[in-house]
K.L.:
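Quick one: this structure, given as structure tokens, is what I'll be asking you about.
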Amino acid sequence: MLSPIGNVLGALLFSATSSMAFAANICPMEKTLEFCVAGAADVARLRSLAQNAGWKIDGTHDNFGEPLPRSGSFIVFTPEGLRFTVLYQEYASFSTVTCNFETLPSMQESKSYTGCSVDEAKRFETEFRAVWSGKVSRLQGDLGYAFMAEDGASWMRAVVSPGGSFEMTNIWIDSYSLKK
């Protein structure tokens, strides 16, 4: 049984998505690996990955050219219509990045559900673990799970609510890195 807040949120979500005509289902996990996980806490690398063929970047609030310390954000759009928001802070010896898959704007842009199958979720976990040479642990929650990874001077947390074939998937990645 949903709480009153859950009922209100469900009604808002239904009203926001009920007028959309969805053509297909698209799982954002592969693009999250290609972009958020591959870029980690390296803002220059994330900006470079956002230059892939067919990808678009909105750098309206990107302060990458400013001297350190700096903070900023940018939005990235994949050719499939998936949207990621990147928030960052960079210091001379430390950087932190949050890379968030934007569920509802992605559904509206791609005209697709953003659910992932069990096989896609397993592949995400396998590939996420393959990226890290250090320790990776998995924490299970009521609505999803998180991976906590550490590798010397880098840390990453991937929070995943995988949804299902016709449910919404939500993913965000927090990355932290000491600079050498």
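What's counted below: heavy atoms across the whole structure, side chains too, no hydrogens, waters or symmetry copies. What you see is a predicted model, and the numbers here were worked out from it, not measured in a lab.
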K.L.:
Grab the two heavy atoms, one from A158 and one from I173, that are nearest each other, plus how far apart they are.
P.N.:
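Closest approach of A158 to I173, heavy atoms only: CB-CD1, 3.4 Å.
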
K.L.:
Is there side-chain contact between F35 and V86, with at least one heavy-atom pair below 4.5 Å?
P.N.:
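F35 vs V86: side chains touch.
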
K.L.:
Less than 4.5 Å apart, any side-chain heavy atom of L49 and any of E34?
P.N.:
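No. Closest side-chain heavy atoms not under 4.5 Å.
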
K.L.:
If you look at every heavy atom in P28 and F84, which pair is closest and at what distance?
P.N.:
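Looks like O-CZ, 4.4 Å.
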
K.L.:
What residues form a side-chain hydrogen bond (donor to acceptor under 3.5 Å, both in side chains) with T126, not counting sequence neighbours?
P.N.:
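side-chain hydrogen bond (donor to acceptor under 3.5 Å, both in side chains) list for T126, sorted by chain: empty.
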
K.L.:
For the backbone of L143 and the side chain of S161, can you confirm whether one donor and one acceptor N or O come within less than 3.5 Å of each other?
P.N.:
yes

K.L.:
Counting only heavy atoms from other residues, nucleotides and ligands, does the tally under 6.0 Å from CH2 of W155 exceed 12?
P.N.:
yes

K.L.:
Are W132 and F147 close enough that their ring centres sit under 6.0 Å apart?
P.N.:
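Ring centroids of W132 and F147 are no less than 6.0 Å from each other.
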
K.L.:
Distance from R83 atom CZ to T114 atom OG1, nearest 0.5 Å?
P.N.:
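R83 atom CZ to T114 atom OG1 measures 13.5 Å (nearest 0.5 Å).
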
K.L.:
Quick one: side-chain hydrogen bond (donor to acceptor under 3.5 Å, both in side chains) pairs with a partner in residues 138-150, sequence neighbours left out?
P.N.:
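Qualifying pairs: E125-R138, R138-Q140.
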
K.L.:
Output every pair passing side-chain hydrogen bond (donor to acceptor under 3.5 Å, both in side chains) with a member in residues 64-78, not counting sequence neighbours, ordered by first then second residue.
P.N.:
R70-E90, T78-E80

K.L.:
So do the side chains of L82 and V76 get within less than 4.5 Å of each other, counting heavy atoms only?
P.N.:
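Side chain of L82 against side chain of V76, heavy atoms only: no contact under 4.5 Å found.
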
K.L.:
Find out if a path of hydrophobic residues (ILVMFWY) with successive side-chain heavy-atom gaps under 4.5 Å connects V159 to L33.
P.N.:
no

K.L.:
Can you name the nearest heavy-atom pair linking G115 to E120, along with the distance?
P.N.:
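It is O-OE1, 4.2 Å.
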
K.L.:
Side chains of T96 and D174: closer than 4.5 Å at any heavy-atom pair?
P.N.:
no

K.L.:
Filter on salt bridge (charged side-chain N to carboxylate O under 4.0 Å, His left out), then keep only pairs touching residues 45-58, sequence neighbours left out; what's left?
P.N.:
R47-D62

K.L.:
Taking only residues two or more places apart in sequence or in another chain, which ones pass side-chain hydrogen bond (donor to acceptor under 3.5 Å, both in side chains) with Q89?
P.N.:
Y91

K.L.:
Please tell me whether S133 and D151 have a donor and an acceptor in their side chains that are separated by less than 3.5 angstrom.
P.N.:
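Short answer, yes.
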
K.L.:
Show every salt bridge (charged side-chain N to carboxylate O under 4.0 Å, His left out) that has at least one partner inside residues 95-110, sequence neighbours left out.
P.N.:
none

K.L.:
Taking all non-hydrogen atoms of both residues, which atom of A41 and which atom of S175 are closest, and how far apart?
P.N.:
N-CB, 3.5 Å

K.L.:
Ignoring hydrogens, what is the shortest heavy-atom contact between L68 and A92? Give both atom names and the distance.
P.N.:
CD1-CA, 3.9 Å

K.L.:
Go through the steps to decide whether F128 and M29 satisfy the test side chain to side chain contact (heavy atoms under 4.5 Å, CB included), and finish with yes or no.
P.N.:
CA-CA 10 Å; F128 182 86; M29 290 183 172; over 6 Å; no

K.L.:
Shared ILVMFWY cluster between V131 and I171, side chains joined below 4.5 angstrom?
P.N.:
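Linked, V131 and I171 end up in one cluster.
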
K.L.:
Is it possible for you to say whether W172 and L46 belong to one hydrophobic cluster, with membership spreading through side-chain heavy-atom contacts below 4.5 Å?
P.N.:
no

K.L.:
Quick one: sort the Y88 and F74 rings into parallel, tilted or perpendicular, breaks at 30° and 60°.
P.N.:
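If you compare the ring of Y88 with that of F74, the planes turn out tilted.
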
K.L.:
Apply side chain to side chain contact (heavy atoms under 4.5 Å, CB included) to residues N100 and N170 and explain how you reach the verdict.
P.N.:
CA-CA 8 Å; N100 184 46; N170 191 16; 4.1 Å; yes

K.L.:
Decide yes or no on side chain to side chain contact (heavy atoms under 4.5 Å, CB included) for C116 and F124, but give the supporting numbers first.
P.N.:
CA-CA 10 Å; C116 298; F124 178 84; over 6 Å; no

K.L.:
Indicate if M156 and V136 have the same hydrophobic cluster label, given that clusters are the connected sets of ILVMFWY residues with side-chain heavy-atom separations under 4.5 angstrom.
P.N.:
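In one cluster with M156: V136, yes.
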
K.L.:
Ignoring hydrogens, what is the shortest heavy-atom contact between K179 and S95? Give both atom names and the distance.
P.N.:
CE-CB, 3.9 Å

K.L.:
Going hydrophobic residue to hydrophobic residue with side-chain gaps under 4.5 angstrom, can you get from L139 over to V160?
P.N.:
no

